[in-house]
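These notes are about the structure you will find just below.
Indexing begins at 1, ligand by ligand and atom by atom, following the structure's order.
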Amino acid sequence: MAMRIAVARGALAVLDELADRLRGEVDFVTGPADTPGEIAELTAGADALVVTLHRLDDPCFAAMADSVRVVGRAGVGLDTIDLDAARAHGVAVVYQPAYAVGEVATHAVAMLLALQRRLSQSDAVVRGAGWGGGAEIGPIFSLGDASVAVLGCGRIGRAAVERLVPFVGEVRVFDPLVTEPIPGARLVADLGELLDDADALSLHVPLTPQTRHIIGRREIRRMRQGALIVNVSRGGLIDEDELALALADGHLAGAGLDVFETEPLPQSSPLRTAPNMLLSPHNAWNSTSAARRLSEWTVADVIAYIATHEVNHGRLAVEPAVRVTSVPE
Ligand SMILES: NC(=O)C1=CN([C@@H]2O[C@H](COP(=O)(O)OP(=O)(O)OC[C@H]3O[C@@H](n4cnc5c(N)ncnc54)[C@H](O)[C@@H]3O)[C@@H](O)[C@H]2O)C=CC1
Ligand SMILES: O=C(O)C(=O)COP(=O)(O)O
């Protein structure tokens, strides 16, 4: 009998192609997966559920059909999934940490360079029939003299460091799990040392209860006047109200944000009107090849897990021994 994989609508870029290729072996069903009721309906008779940034909490796991053995998180961050609930309900969770490392690191550096070179202002000057440069565009600090701070040096942070080292004066890195030297960078001992008088900050840590608002008023004010912040990791890492204040009063000269505490970014967010912002809609991961990799790896791993309890491309965040259908109080 064919395996059945329930896919939250929009979660896999090349689903139609995969469905053709796996015809007879896998039946795919798609639909909304935003509420426990929708999840119950979508997963009826399914062996697996594939999601992207859908929030899966305990009621969602409770609502999943008993036949579901594994959730494929088509992406990297696990902050949207209650892993304890997955474990308690006996559902494995597989995610894909390697599918877009280069894309995300490049997006962060692209935002940093565009802000530092004041490309939006330069573009606006020319479109407005100006030419003069200097005063209209605003001050441009030299990257060769600058100290750029990188918070978190896992897969993406390290790739960002590799991109920055060739042309930045100093790259500072803080990550409590990294102890060996990082070529061309200065590993510092704590967050304070990372931020003191830094010219720019790029965030590459996961969102957890420990890292929520890791960048707040005190941290922003430790950076030098006129500094830049780039966040392609998770919106909740930064206190957005404090960020907006620091942009409005000029302590920060700009920010590049791909991720927000609430997504899509609400119309009322002060970040929409703050000066010198570069905004993107949570698409640092995006390239046609990354999107294809993500679809193919997620489906291949879900199939492999059901067949063998092992995965080939991603990692298992939760690997329960048995599927428990009733959870003790
Ligand atoms: N905008 C986008 O399209 C995408 C965003 N992401 C985000 O990027 C994040 C990072 O991804 P990876 O580099 O693959 O993760 P990773 O797990 O390889 O690295 C994260 C690093 O952060 C460090 N860390 C944790 N807490 C810290 C703290 N308090 N201070 C300093 N370092 C700390 C860890 O030790 C680890 O080395 C993901 O969790 C996800 O939220 C990932 C993919 C796409
Ligand atoms: O993979 C991640 O963690 C990302 O942030 C990318 O967004 P996605 O989950 O692919 O919608």
To which protein heavy atom is atom 11 (O) of ligand 2 closest, and what is the distance rounded to 0.1 Å?
Leu53 CD1, 3.4 Å
Distance check, rounded to the nearest 0.5 Å: Asp239 atom CG versus Arg218 atom CZ?
13.0 Å
Pair Arg163, Thr106: side-chain N/O donor-acceptor within cut-off below 3.5 Å
yes
Parallel, tilted or perpendicular: rings of Trp297 and His313 (30°, 60°)
parallel
Out of Gly236, Pro206, Gly152, whose heavy atom is nearest to atom 25 (C) of ligand 1?
Pro206
Numbering the atoms of ligand 1 from 1, which are under 4.0 Å from a heavy atom of His282?
1 (N), 2 (C), 3 (O)
Considering Glu263, Gln96, His282, Arg73, which one's heavy-atom position lies nearest to atom 9 (O) of ligand 2?
Arg73
With heavy atoms of Ala74 as the reference, note each atom of ligand 2 found under 4.0 Å away.
9 (O), 10 (O)
Does one side chain, of His54 or Thr80, offer a donor that lies under 3.5 Å from an acceptor on the other?
no
CA sep, side-chain torsions, deciding dist, call: Asp301, Glu310, side chain to side chain contact (heavy atoms under 4.5 Å, CB included)
CA-CA 8 Å; Asp301 276 351; Glu310 283 178 14; over 6 Å; no
Distance only, no hydrogens: is a donor on one side chain within 3.5 Å (strictly under) of an acceptor on the other, for His282 and Ser280?
no
Can you pull out the closest protein heavy atom to atom 15 (O) of ligand 1? Residue, atom name and distance to 0.1 Å, please.
Arg155 NH1, 4.3 Å
Mode of Val104 contact toward ligand 1 - side chain, backbone, both, neither (heavy atoms, under 4.0 Å):
side chain
Can you name the atoms of ligand 2, numbered from 1 with element, that are less than 4.0 Å from a heavy atom of Gly77?
2 (C), 3 (O)
Establish, yes or no, whether the cationic atom of Arg186 lies under 6.0 Å from the six-membered ring centre of Phe174 and within 45° of the ring axis.
no
Atoms in ligand 2 flagged as close to Arg234, the criterion being non-hydrogen separation under 4.0 Å
2 (C), 3 (O), 4 (C), 5 (O)
Starting from atom 6 (N) of ligand 1, which protein heavy atom do you reach first, and at what distance in Å?
Arg234 NH1, 3.9 Å
Is it the side chain (CB and beyond), the backbone, both or neither of Ile156 that lies under 4.0 Å from ligand 1, heavy atoms counted?
both
Regarding Glu162 and Arg158, does a basic nitrogen lie under 4.0 Å from an acidic carboxylate oxygen?
no
Just need the protein heavy atom nearest to atom 8 (O) of ligand 1, so name the residue and atom and give the distance.
Ser233 OG, 3.3 Å
Would you check whether Trp285 has a nitrogen or oxygen atom less than 3.5 angstrom from a nitrogen or oxygen atom of ligand 1?
yes
Looking at atom 1 (O) of ligand 2, what's its closest protein heavy atom, distance included?
Val76 N, 2.7 Å
Hydrogens and angles aside, do Gln116 and Asp199 bring a side-chain donor and acceptor to less than 3.5 Å of each other?
no
How long is the gap from CG on Asp241 to NE2 on His213, to the nearest 0.5 Å?
7.5 Å
I need the minimum non-hydrogen distance between Ser295 and Ala13, along with the two atoms involved.
OG-N, 2.9 Å
Nearest non-hydrogen contact with atom 2 (C) of ligand 1 belongs to which option: Asn283, Val232, Leu237, Leu294?
Val232
Any N or O of Asp258 that comes nearer than 3.5 Å to an N or O of ligand 1?
yes
For ligand 1, note which part of Asn286 has a heavy atom under 4.0 Å away: side chain, backbone, both or neither.
neither
For atom 10 (O) of ligand 2, closest protein heavy-atom neighbour:
Tyr99 OH, 3.2 Å
Check each atom of ligand 2 against the heavy atoms of Gly75 and keep those under 4.0 Å away; list them by number with element.
1 (O)
